[in-house]
Amino acid sequence: MAETFLKTDSIFHGRYAIKRMLGSGAMGAVYEARQLDAERTVALKLLNLDRVSSEEDRARFLRECRALSALSHKNIVSFYSAAISDEGIPYYVCEDVQGKTLRAVLNVQAKFSWIETVKIITQIADAMEAAHNANIVHRDLKPENIMLLDLPEKNFVKVLDFGLARLNEAEAPANSGGEANAVKEAVSLTRTGTLIGTVNYMSPEQCLGRKVDSRSDIYSLGCIAYECVSGKKLFDADHAMGVLHQHVNASAEPALKALEETCPEEFIEILRGMLAKSLDARLQTMAIVLNELSADSLKNAEIKNRRLKAISPAFSYSIIGVIAILAFVGLFFVFQKWI
């Protein structure tokens with residue numbers, strides 16, 4: 001892998017003072033930089049040197065630029081500009097978000113409460129509704145592409161990485177190659193470093209290599225929501241083919257049933273609608289998902305949950321003590337009557 005490595009304190013393309021590398025992969029590297037002519041801190045994403053000559057990789061990079069430039073939403077990383085350096089390296093500049101990926105948080109705390117999960121996926125759904133309204137399908141929603149910030153509030157969401165986005169239906173080629181094509185794509189994605197953590201969130205139609213629409217993102221978000229609340233992936237296997245097969249053929253019902261002890265039925269029913277394998281049975285739009293997440297029935301379940309938590313163990317013990325005393329007094333008077 002030939003990374004586009006930039007040294008700390010170096011000046012890139014005459015405008016960006018490099019502060020540090022934020023991350024790197026087979027496709028490219030991301031740096032925190034100071035934009036000198038605007039006096040602001042930005043994130044600088046560059047395509048790796050060994051990818052510059054690849055028409056496919058350049059097209060993917062351009063696709064991400066086009067997708068981000070078409071979007072303006074509080075829960076989507078803000079796009080500033082794109083250019084090609086004097087050395088011929090494509091790059092784009094976007095908002096520098098200080099936080100942790102959802103994946104990093106899950107690796108530490110394993111899972112969230114269902115109430116916290118609702119707050120997180122509501123923000124993602126809101127962001128993706130804006131993308132879908134702009135005819136953009138993300139196609140790669142996963143915990144690695146969700147950033148959680150502490151400001152302006154805890155677990156404030158920013159959706160990242162639109163490198164696999166489809167800008168409109170016309171760009172999505174017809175593909176009837178079935179599962180074999182999905183495996184071929186999976187192998188290709190492995191080589192470019194994007195498969196890991198991806199097949200676990202693919203919709204059944206995406207696994208089959210079929211044309212996808214916004215409902216594919218709904219399924220992916222359902223997989224993320226399930227993992228947030230359970231600490232487990234919806235489907236998992238030792239190899240990509242096994243996961244693809246499960247998304248297409250295995251029922252999510254056993255996994256959803258296991259949530260009944262910790263989640264209200266109203267929330268589980270929303271997940272069931274998001275994870276339906278049939279496109280017609282699935283929740284049809286992110287607007288519908290948002291409406292379900294804000295429904296009175298779910299709010300009532302949250303209020304009930306908070307009330308139950310408000311009854312502390314000490315308070316419970318106090319009530320038990322009072323009941324015991326009253327019972328003792330009652331028995332005392334009964335005993336006195338008998339005498």
Side-chain angles (χ1 to χ4, degrees), residues 22-23 30-35 38-45 63-82 92-106 112-168 201 214-218 220-225 227-229 270 274 283 285-295 298-299 302:
L22 297 174
V30 182
Y31 294 86
E32 181 180 341
R34 186 71 180 169
Q35 185 175 342
E39 286 300 315
R40 64 181 175 185
T41 300
V42 298
L44 192 67
K45 184 170 183 177
R63 185 164 58 237
E64 183 171 12
C65 292
R66 290 173 62 192
L68 284 174
S69 66
L71 298 171
S72 178
H73 190 278
K74 64 180 180 179
N75 296 119
I76 298 176
V77 63
S78 298
F79 177 87
Y80 296 149
S81 64
Y92 72 77
V93 184
C94 65
E95 174 187 11
D96 178 38
V97 290
Q98 299 293 329
K100 295 180 180 179
T101 64
L102 178 56
R103 167 61 59 223
V105 175
L106 285 171
F112 295 89
S113 70
W114 73 267
I115 293 176
E116 291 173 315
T117 297
V118 167
K119 289 182 178 178
I120 291 171
I121 66 171
T122 294
Q123 294 177 80
I124 301 171
D126 198 32
M128 294 318 304
E129 183 192 18
H132 294 166
N133 287 340
N135 295 320
I136 295 171
V137 181
H138 193 288
R139 300 201 308 161
D140 197 25
L141 283 178
K142 56 185 178 181
E144 289 81 353
N145 288 339
I146 307 299
M147 189 73 78
L148 297 182
L149 286 62
D150 288 331
L151 294 172
E153 60 188 36
K154 184 175 175 57
N155 291 334
F156 185 79
V157 164
K158 286 285 186 177
V159 179
L160 313 173
D161 199 346
F162 282 74
L164 292 182
R166 284 288 184 200
L167 300 187
N168 54 54
Y201 311 95
S214 58
R215 291 171 292 183
S216 181
D217 284 343
I218 292 174
S220 299
L221 183 55
C223 292
I224 293 171
E227 185 172 348
C228 282
V229 80
I270 294 171
M274 297 174 74
L283 294 181
T285 67
M286 282 294 180
I288 293 175
V289 173
L290 286 167
N291 186 60
E292 293 292 318
L293 290 171
S294 62
L298 196 61
K299 289 180 179 178
E302 180 177 345

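Along the sequence shown, residues carry numbers from 1.
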Self-check item: Evaluation steps, side chain to side chain contact (heavy atoms under 4.5 Å, CB included), between Glu129 and Thr285
Solution: CA-CA 8 Å; Glu129 183 192 18; Thr285 67; over 6 Å; no

Self-check item: Over all atoms of both residues, closest heavy-atom pair of Leu283 and Ile218
Solution: O-CD1, 3.2 Å

Exercise. Considering non-hydrogen atoms only, spot the tightest contact between His132 and Ile136 and give its length.
Key: CD2-O, 3.1 Å

Exercise. Could you grab the distance from atom CE of Met274 to atom CD1 of Ile121, nearest 0.5 Å is fine?
Key: 5.0 Å

Practice problem: Please examine the side chains of Asp161 and Glu64, heavy atoms only from C-beta on, and report whether any two atoms are closer than 4.5 Å. | Solution: yes

Self-check item: Shortest non-hydrogen separation from Ser214 to Val137 and the atoms involved
Solution: N-CG2, 3.8 Å

Self-check item: Which atom of Ala125 lies closest to which atom of Leu290, heavy atoms considered
Solution: CB-CD2, 3.7 Å

Exercise. Report yes if the side chains of Phe156 and Val97 come closer than 4.5 Å at any heavy-atom pair, otherwise no.
Key: no

Practice problem: Carefully, step by step, assess Ile146 and Val159 under the rule side chain to side chain contact (heavy atoms under 4.5 Å, CB included). | Solution: CA-CA 5 Å; Ile146 307 299; Val159 179; 4.1 Å; yes

Quiz item: Which distance, rounded to the nearest 0.5 Å, do you find between the CZ of Arg103 and the CD1 of Ile224?
Solution: 9.0 Å

Self-check item: SB check Arg40 Glu95 (cutoff 4.0 Å)
Solution: no

Quiz item: Would a 4.5 Å heavy-atom cut-off, applied to side chains only, mark Thr101 and Leu148 as touching?
Solution: no

Quiz prompt | Sidechain-backbone polar pair: Gln123 side chain, Asn155 backbone, donor-acceptor under 3.5 Å | solution = yes

Quiz item: Looking only at heavy atoms, what is the nearest atom pair of Phe79 and Cys94, with distance?
Solution: CA-CB, 4.2 Å

Quiz item: How far apart are the C-alpha atoms of Asp96 and Leu22, what are their side-chain angles, what is the distance that settles it, and do they pass the side chain to side chain contact (heavy atoms under 4.5 Å, CB included) test?
Solution: CA-CA 10 Å; Asp96 178 38; Leu22 297 174; 3.9 Å; yes

Quiz item: Roughly how far apart are Ile288 CD1 and Ile270 CD1, rounded to 0.5 Å?
Solution: 12.0 Å

Self-check item: Partner set under side-chain contact (heavy atoms from CB on, under 4.5 Å) for Val93, not counting sequence neighbours
Solution: Tyr16, Gln35, Val42, Leu44, Tyr80, Ser81, Tyr91

Quiz item: Within a strict 4.5 Å, meaning less than it, do heavy atoms of the Phe112 and Val105 side chains meet?
Solution: yes

Exercise. Report yes if the side chains of Lys154 and Lys119 come closer than 4.5 Å at any heavy-atom pair, otherwise no.
Key: no

Quiz item: Is any side-chain heavy atom of Tyr201 closer than 4.5 Å to a side-chain heavy atom of Leu141?
Solution: no

Quiz item: With a 4.5 Å limit on heavy-atom distance, are the side chains of Glu227 and Leu106 in contact?
Solution: yes

Quiz item: Passes side chain to side chain contact (heavy atoms under 4.5 Å, CB included), Lys74 versus Asp126? Steps please.
Solution: CA-CA 9 Å; Lys74 64 180 180 179; Asp126 198 32; 4.3 Å; yes

Quiz item: So, for Leu71 and Ala130, which heavy atoms are closest and what is the spacing to 0.1 Å?
Solution: CD2-O, 4.0 Å

Self-check item: Gap between atom CE of Met128 and atom CG of Asn133 - 0.5 Å precision
Solution: 10.5 Å

Quiz item: Taking His138 for the side chain and Ser216 for the main chain, is one N or O donor matched with an acceptor at less than 3.5 Å?
Solution: no

Practice problem: Kindly indicate whether the side chain of Ile124, heavy atoms from C-beta on, has any atom under 4.5 Å from the side chain of Asn75. | Solution: no

Quiz item: Could you give the distance from CD1 (Ile115) to CD1 (Ile120), rounded to the nearest 0.5 Å?
Solution: 12.5 Å

